[in-house]
Amino acid sequence: MASDVAPPPVRDSAPAPAGRRTTFVSGERVSRTWMVIATAVMALASIYFLVPVVWLVIAATKSTGDLFSTPGFAFADFNLLENLQALSTYQDGIFWRWGLNSIIYSVLGSALTTLVCAITGYALAVYRFRGRAALISVVLASLLVPGTVIAQPTYVLLVSLGLDNTYAGLLLPALVYPFGVLLCFIFAQSSVPLELVEAARLDGAGELRIFVAIGLRLLASGLVTVLLFAFLGSWNSYILPLLVLTDAELMPLTVGLTGWNQASITIPGLQILTVVGSLVSIIPIAIVFLSLQRFWKAGLTAGSVRG
Amino acid sequence: MSTSTATGSRRRRHGAVSPWAPYLFVAPFVVLFLLFLVAPIAVAFVNSLFSRQSSGLGFGGSSIEFVGLANFVRAFADRDFLIGFPRVLLYGAVQVPVMMAIAAFFALLFDTALVKGRRFFQFTVFLPYAVPSVIAALLWGFLYQPSVSPVLQFFESVGITLSPLASTVVLWSIANVALWSLVGINMIILFSALQSVPREMYEAARIDGAGEVRTALQIKLPMIAPAVLLTTLSSIIGTLQLFNEPQVLQTITSNIPSDYTPNMAIYATSTLGKDPHLASAMAVILGLATLVVSLLVLAANKRTTNRAGHGL
């Protein structure tokens with residue numbers, strides 16, 4: 001029975017010393033009480049974390065009337081399909097346009113961002129050139145620049161460049177991702193052997209080819225991490241699109257849905273559309289994110305050693 | 001002859017790689033960096049020194065004129081803008097430590113193997129992180145309205161009337177949204193820090209008869225304390241930028257004015273007030289304030305790590 005309670009050896013712990021079993025007998029009762037308490041505490045806590053999501057799922061199945069007149073956690077008439085249909089047809093299906101925009105900003109944006117970060121980080125790790133040290137310090141220093149504060153000046157700049165209210169106006173500023181450069185630099189230092197680059201050079205390969213064939217390949221798993229972070233950053237971005245975009249056709253989901261939420265004060269039907277739209281917008285990102293945990297966890301560990 | 005030239009050129013390539021390659025490689029980043037990070041900062045500084053002056057009775061159009069520090073004087077005379085700073089600092093000083101304490105508590109709990117169904121609970125704590133902060137604010141916005149919220153209705157039915165949007169508590173309702181979103185990711189960071197600690201470190205304590213709880217409090221917690229402190233401080237800096245959650249919740253309550261946080265004031269001045277010059281001055285003030293706080297935190301962190309003998 002004691003073996004049931006004893007914590008499983010998580011790591012390469014040596015075989016338990018002979019004395020351990022005897023001392024554990026006295027600890028066993030304590031452990032079991034604590035186990036019940038700990039699990040109960042977690043069960044209570046998980047209610048807090050799940051309530052908004054569960055409510056969202058249930059609310060998305062209700063009609064506007066039922067949303068206000070039936071208890072929040074009880075299903076009413078199943079109206080999900082009608083809601084989805086209303087979501088798809090409202091303002092000629094602008095919701096899906098927003099979804100497409102979010103995907104363009106996030107997928108295209110994060111792919112380009114990752115490429116820029118990769119080639120910069122790779123160059124910093126593989127080459128010794130004048131200005132390298134300065135560039136590294138500038139990248140480090142720029143981590144101190146708060147992104148949202150420069151949103152307003154960036155907007156002013158985009159207006160003067162004529163890029164406000166365009167896809168490019170939102171995509172280009174996102175390509176500057178100093179933390180991504182830093183991650184790529186760290187990854188490249190540890191995973192691209194200089195000897196291999198030398199050998200490729202001796203074989204007559206050009207520098208760009210070496211980067212594409214060797215650098216990108218060796219950095220691949222690290223790049224997925226940068227890609228994910230960049231993707232999340234774009235998917236969640238709010239203040240810059242709010243400033244830069246006035247054309248509803250160009251808006252991402254975050255801006256579109258909050259606009260609906262605001263308008264729902266005067267247009268009651270929009271409330272349920274906001275609810276359903278929120279649910280629909282969360283599902284794909286939650287699946288992507290939770291299924292790729294391995295990669296961003298690697299990024300977190302790499303990020304924490306930067307100090 | 002031809003072979004010797006070939007080896008010669010190989011030598012050359014081997015020794016000094018085509019000298020422009022590294023510059024071409026970093027060029028895209030450097031150009032974008034100058035355009036969208038350095039230039040906006042410069043724009044903010046320059047813009048903050050100018051102002052649009054309407055001439056005559058407002059019919060003759062307007063011109064942009066150099067006004068020196070007048071915009072800064074106006075920003076510092078704006079009580080609502082200024083009060084946003086202590087407000088977000090208070091918010092950060094409460095929200096972040098509470099969040100980190102809960103995250104550390106969960107991480108330690110998960111590390112003890114005391115919790116049954118650990119993977120499920122880790123999943124539920126982490127799930128909110130996959131919800132964009134704007135959507136999270138929308139969601140909680142519904143849960144804060146008595147007309148739709150099952151949570152408020154539940155408390156009402158047991159005789160407790162909650163009004164999370166009242167002016168006295170709305171700041172903490174905003175904090176709750178951030179807490180809900182971010183406990184999970186911090187829990188994961190601390191949990192992986194704990195997992196990377198060699199098990200032998202607390203084998204000894206266990207042999208000496210220390211239970212899971214004592215091991216957690218007396219051995220594990222001190223080990224992750226520096227990481228907790230560092231994350232706490234950098235998160236407090238982040239709260240200076242508070243925008244998304246209050247901006248979204250603003251639409252459902254009049255208790256969050258449009259200049260509730262410094263960043264909201266900048267946004268409102270730029271869009272509603274149509275005064276990008278004043279907004280730039282405010283952005284410069286917020287940026288410098290953030291920089292000062294960050295440098296203080298870095299200095300404090302250096303001191304603590306030096307005292308501890310080794311860096312993180």
Side-chain angles (χ1 to χ4, degrees), chain A residues 7 11 13 19-20 23 27 30-31 34-35 38-39 42 46 49-50 52 55-56 67-68 71-73 116 119-120 123 127 129 135 142 144 146 148-150 152-154 156-157 172-173 175-176 181 201-202 207 235-236 238-239 254 258 261-262 278 281-282 285-286 289-290 297 300-301 307, chain B residues 10 13-14 18 21-22 25-26 28-29 32-33 36-37 39-41 43-44 47 109 113-116 121 124-125 127-128 130-135 138-140 143 147-148 150 189 192 199 207 209 211-213 241 243-244 248 251 263 266 270 276 279-280 283 286-287 290-291 294 311-312:
Chain A
R11 250 147 224 270
S13 57
R20 188 174 154 187
T23 48
V30 181
S31 255
W34 279 111
M35 186 182 279
T39 309
M42 273 325 298
S46 67
F49 290 102
L50 286 177
W55 174 81
L56 182 68
L67 184 65
F68 294 96
F73 287 123
V116 171
I119 198 163
T120 313
Y127 302 110
F129 55 97
L135 187 54
S142 65
L144 289 176
T148 49
V149 169
I150 63 163
Q152 192 271 337
T154 303
V156 174
L157 188 76
L172 289 175
L175 297 184
V176 185
V181 170
R201 240 172 240 155
L202 287 174
E207 297 301 321
W235 191 266
N236 291 346
Y238 184 55
I239 185 166
T254 46
T258 49
N261 189 47
Q262 194 163 14
S278 298
S281 76
I282 291 173
I285 184 87
F289 202 64
L290 296 170
K297 277 183 188 168
L300 290 178
T301 346
Chain B
R10 273 188 184 178
R13 295 181 84 159
H14 173 84
S18 41
F25 277 25
V26 299
F29 175 75
L32 288 163
F33 185 86
F36 294 110
L37 206 118
I41 294 173
V43 163
N47 251 343
L109 212 53
L114 278 176
V115 176
K116 289 268 180 196
F121 287 127
T124 59
V125 175
L127 181 68
V131 178
S133 63
V134 169
I135 306 294
L138 275 181
L139 258 177
W140 279 100
L143 296 181
S147 57
V148 277
I189 294 172
S192 38
R199 293 284 126 175
I207 293 165
E212 292 277 11
V213 181
Q241 320 302 324
F243 179 80
N244 289 9
V248 172
T251 60
N263 241 338
I266 294 169
S270 181
S280 290
L286 176 57
T290 312
L291 189 68
S294 305
L312 276 169

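Lettering follows sequence order; numbering is per chain, from 1. No experiment lies behind these values; they were computed from the predicted model shown.
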Minimum heavy-atom distance between S281(A) and I135(B), given as atom pair plus value
OG-CD1, 4.0 Å

Could you report the tightest heavy-atom contact between L37(B) and S142(A), atom names first, then the distance?
CD2-CB, 4.0 Å

What is the distance from atom [atom1] of [X] to atom [atom2] of [Y], rounded to the nearest 0.5 Å?
| X | Y | atom1 | atom2 | result |
| --- | --- | --- | --- | --- |
| S278(A) | L139(B) | OG | CG | 6.0 Å |
| T254(A) | N244(B) | OG1 | CG | 8.0 Å |
| T258(A) | L138(B) | OG1 | CG | 6.5 Å |
| L175(A) | L32(B) | CG | CG | 5.5 Å |
| L143(B) | W55(A) | CG | CH2 | 6.0 Å |
| F33(B) | T120(A) | CZ | OG1 | 11.0 Å |

[X] versus chain A, heavy atoms under 4.5 Å apart: side chain, backbone, both or neither?
| X | value |
| --- | --- |
| T290(B) | side chain |
| N47(B) | side chain |
| P276(B) | both |

When you look at F129(A) and V26(B), which way does the side chain to side chain contact (heavy atoms under 4.5 Å, CB included) test go after all the steps?
CA-CA 11 Å; F129(A) 55 97; V26(B) 299; 4.2 Å; yes

Go through P28(B), S294(B), S147(B), G287(B) and name the one with the most non-hydrogen pairs under 4.5 angstrom from chain A.
S147(B)

Chain A: which of W140(B), F25(B), F121(B) shares the most heavy-atom pairs with it under 4.5 Å?
F25(B)

Using the rule side chain to side chain contact (heavy atoms under 4.5 Å, CB included), only one of I150(A), T154(A), L157(A) pairs with V43(B); which is it?
L157(A)

Any side-chain heavy-atom pair of S46(A) and V125(B) under 4.5 Å:
no

Counting C-beta onward and ignoring hydrogens, is there a side-chain heavy-atom pair between F68(A) and V148(B) closer than 4.5 Å?
yes

Indicate the ring-plane relationship of F243(B) and Y238(A), choosing parallel, tilted or perpendicular according to the 30° and 60° boundaries.
tilted

Largest heavy-atom contact set with chain B, pairs under 4.5 Å, which of G72(A), A123(A), P173(A)
P173(A)

I'd like to know if the side chain of T39(A) and the backbone of K116(B) have a donor-acceptor N/O pair within less than 3.5 Å.
yes

Residue Q262(A) versus chain B: region with a heavy atom under 4.5 Å:
both

Give a yes-or-no answer on whether the side chains of S133(B) and N236(A) include a donor-acceptor pair shorter than 3.5 Å.
no

